[in-house]
Amino acid sequence: MDIQILVVEDNEHIREMIKTYLQEAGYAVDVCADGALALEKLYDKTYHLIILDIMLPGMNGHELLREQRKLGDTPALMITALTDDDSQIRAFANQADDYVTKPFNIQLLVMRAEALLRRSGALSKEVRHGKLALYPEVLRVEYDGASVTLTRKEFEILMLLVQNKGRTLSPATILSRVWGYDFDCDESTVWTHMKNLRHKLPENIIKTVRGAGYCLEVT
């Protein structure tokens with residue numbers, strides 16, 4: 001599975017430079033120049049890392065990060081021309097994971113991004129949750145050491161649940177993040193895949209939250 005990174009920066013030159021270097025490093029990169037648009041992307045898609053400027057049109061970086069933290073704990077690296085202590089303190093108070101001031105060395109920025117990805121487990125060849133082990137590079141799943149055969153979409157749903165363990169995801173959220181916002185299918189597609197996942201997993205670790213969606217049992 002591709003590592004997905006969102007870059008939110010209103011300076012076109014900086015935005016495209018970051019995108020180019022991250023793509024050359026092998027990552028899938030989305031970009032936008034507006035904080036409000038970035039929040040829409042965060043609702044529609046799961047990212048492994050967010051790189052965001054503070055001074056943005058529509059919604060500044062602090063506001064965007066506060067809203068994103070309501071969705072999950074995706075690592076966030078803030079880039080800004082603001083070098084004062086108060087700005088950095090505010091960023092970390094809003095749960096930023098790292099803070100880089102402009103001008104910066106682009107190679108160093110990529111290395112700091114990769115450090116956050118390693119820390120979060122996104123670059124790991126193995127993702128574990130209790131008895132469950134997922135191997136994203138080969139789309140393989142094991143449960144308590146036994147192999148579990150899943151389709152690609154089933155694997156992607158399970159990975160999404162693992163990445164958001166303990167949180168309830170609505171069918172609409174799963175649909176948009178696994179199939180894409182514009183994919184022409186309804187929420188019954190999610191129900192069918194959940195039924196198949198539960199049938200294939202030795203234990204029912206996927207819980208239905210009535211009227212809300214699905215979550216992975218926390219172990």
Side-chain angles (χ1 to χ4, degrees), residues 1-125 127 136 159-160 162-167 169 173 176-177 181:
M1 295 176 68
D2 289 337
I3 300 296
Q4 303 284 339
I5 299 176
L6 176 63
V7 177
V8 191
E9 166 62 63
D10 62 338
N11 183 298
E12 182 178 4
H13 172 71
I14 296 175
R15 185 173 66 244
E16 292 304 314
M17 178 179 63
I18 295 173
K19 177 182 178 181
T20 297
Y21 273 80
L22 287 172
Q23 287 179 330
E24 289 177 351
Y27 303 110
V29 184
D30 288 342
V31 297
C32 62
D34 180 275
L37 178 59
L39 186 59
E40 292 181 17
K41 288 181 176 293
L42 290 167
Y43 271 100
D44 291 340
K45 186 173 179 179
T46 297
Y47 291 96
H48 300 91
L49 175 67
I50 310 162
I51 299 176
L52 67 158
D53 192 9
I54 290 180
M55 295 181 287
L56 294 167
M59 174 184 291
N60 69 43
H62 293 304
E63 294 169 331
L64 174 60
L65 185 55
R66 284 198 300 271
E67 290 300 313
Q68 191 283 325
R69 286 301 182 241
K70 297 175 184 178
L71 301 175
D73 56 358
T74 301
L77 191 163
M78 302 197 85
I79 52 174
T80 179
L82 301 174
T83 60
D84 60 285
D85 289 346
D86 287 344
S87 294
Q88 296 190 48
I89 290 170
R90 185 179 178 190
F92 287 116
N94 288 326
Q95 300 183 48
D97 295 280
D98 202 354
Y99 189 103
V100 175
T101 57
K102 302 174 184 177
F104 52 79
N105 181 302
I106 185 62
Q107 292 178 321
L108 181 59
L109 180 75
V110 172
M111 293 178 71
R112 294 179 81 141
E114 291 182 332
L116 291 177
L117 289 168
R118 284 194 302 273
R119 191 185 309 165
S120 69
L123 290 181
S124 175
K125 294 184 178 180
V127 178
M159 177 63 80
L160 181 65
V162 170
Q163 291 170 338
N164 292 273
K165 54 184 178 290
R167 295 181 62 240
L169 301 180
T173 296
S176 66
R177 296 190 181 186
Y181 184 75

[X]: side-chain hydrogen bond (donor to acceptor under 3.5 Å, both in side chains) partners, not counting sequence neighbours:
{"X": "T46", "value": "R177"}
{"X": "N60", "value": "none"}
{"X": "K41", "value": "none"}
{"X": "Y99", "value": "none"}

Counting C-beta onward and ignoring hydrogens, is there a side-chain heavy-atom pair between [X] and [Y] closer than 4.5 Å?
{"X": "H48", "Y": "Q163", "value": "yes"}
{"X": "Y27", "Y": "L117", "value": "yes"}
{"X": "L108", "Y": "V100", "value": "no"}
{"X": "L42", "Y": "L64", "value": "yes"}

Which atom pair, heavy atoms only, marks the closest approach of [X] to [Y]?
{"X": "L65", "Y": "A91", "value": "CD2-O, 4.2 Å"}
{"X": "L6", "Y": "V31", "value": "CD1-N, 4.4 Å"}
{"X": "I51", "Y": "A113", "value": "CD1-CB, 4.4 Å"}
{"X": "S87", "Y": "H62", "value": "O-CE1, 3.9 Å"}
{"X": "L49", "Y": "P75", "value": "CD1-O, 3.4 Å"}
{"X": "D53", "Y": "L56", "value": "O-CD1, 3.4 Å"}

(message) Donor-acceptor pair, distance only, cut-off 3.5 Å: does the side chain of R66 make one with the backbone of G61?
(response) no
(message) Quick one: does any side-chain atom of N11 pair with a main-chain N or O of I14 as donor and acceptor, under 3.5 Å?
(response) yes
(message) Per the salt bridge (Lys or Arg N to Asp or Glu O under 4.0 Å) rule, what does the pair list look like for residues 7-29, sequence neighbours excluded?
(response) E9-K102
(message) By the salt bridge (Lys or Arg N to Asp or Glu O under 4.0 Å) test, which pairs, at least two apart or in different chains, include something from residues 70-86?
(response) E67-K70
Rounded at 0.5 Å granularity, tell me how far [atom1] in [X] sits from [atom2] in [Y].
{"X": "M78", "Y": "T101", "atom1": "CE", "atom2": "OG1", "answer": "13.0 Å"}
{"X": "L52", "Y": "I50", "atom1": "CG", "atom2": "CD1", "answer": "7.0 Å"}
{"X": "N164", "Y": "L71", "atom1": "CG", "atom2": "CG", "answer": "9.0 Å"}

(message) Working note: N94 + R69, criterion side-chain contact (heavy atoms from CB on, under 4.5 Å); need CA distance, chi angles, decisive distance, verdict.
(response) CA-CA 8 Å; N94 288 326; R69 286 301 182 241; over 6 Å; no
How would you list, by chain and number, every residue that makes a salt bridge (Lys or Arg N to Asp or Glu O under 4.0 Å) with [X], sequence neighbours excluded?
{"X": "R119", "answer": "none"}
{"X": "E63", "answer": "none"}
{"X": "R112", "answer": "D98"}
{"X": "D34", "answer": "none"}

(request) Could you walk me through whether I106 and F104 pass the side-chain contact (heavy atoms from CB on, under 4.5 Å) test, one step at a time? (result) CA-CA 6 Å; I106 185 62; F104 52 79; 4.1 Å; yes
(message) I'd like to know whether D30 forms a side-chain contact (heavy atoms from CB on, under 4.5 Å) with Y47, so could you lay out the CA-CA distance, the side-chain angles of the two residues, the decisive distance to 0.1 Å, and finally the verdict.
(response) CA-CA 9 Å; D30 288 342; Y47 291 96; 2.6 Å; yes
(message) Can you list everything that forms a side-chain contact (heavy atoms from CB on, under 4.5 Å) with M111? Sequence neighbours excluded, please.
(response) none
(request) Tell me, please, which residues at least two apart from A115 pass side-chain contact (heavy atoms from CB on, under 4.5 Å). (result) R118
(request) Kindly indicate, with the supporting measurements, whether the criterion side-chain contact (heavy atoms from CB on, under 4.5 Å) is fulfilled by L22 and V110. (result) CA-CA 7 Å; L22 287 172; V110 172; 4.2 Å; yes
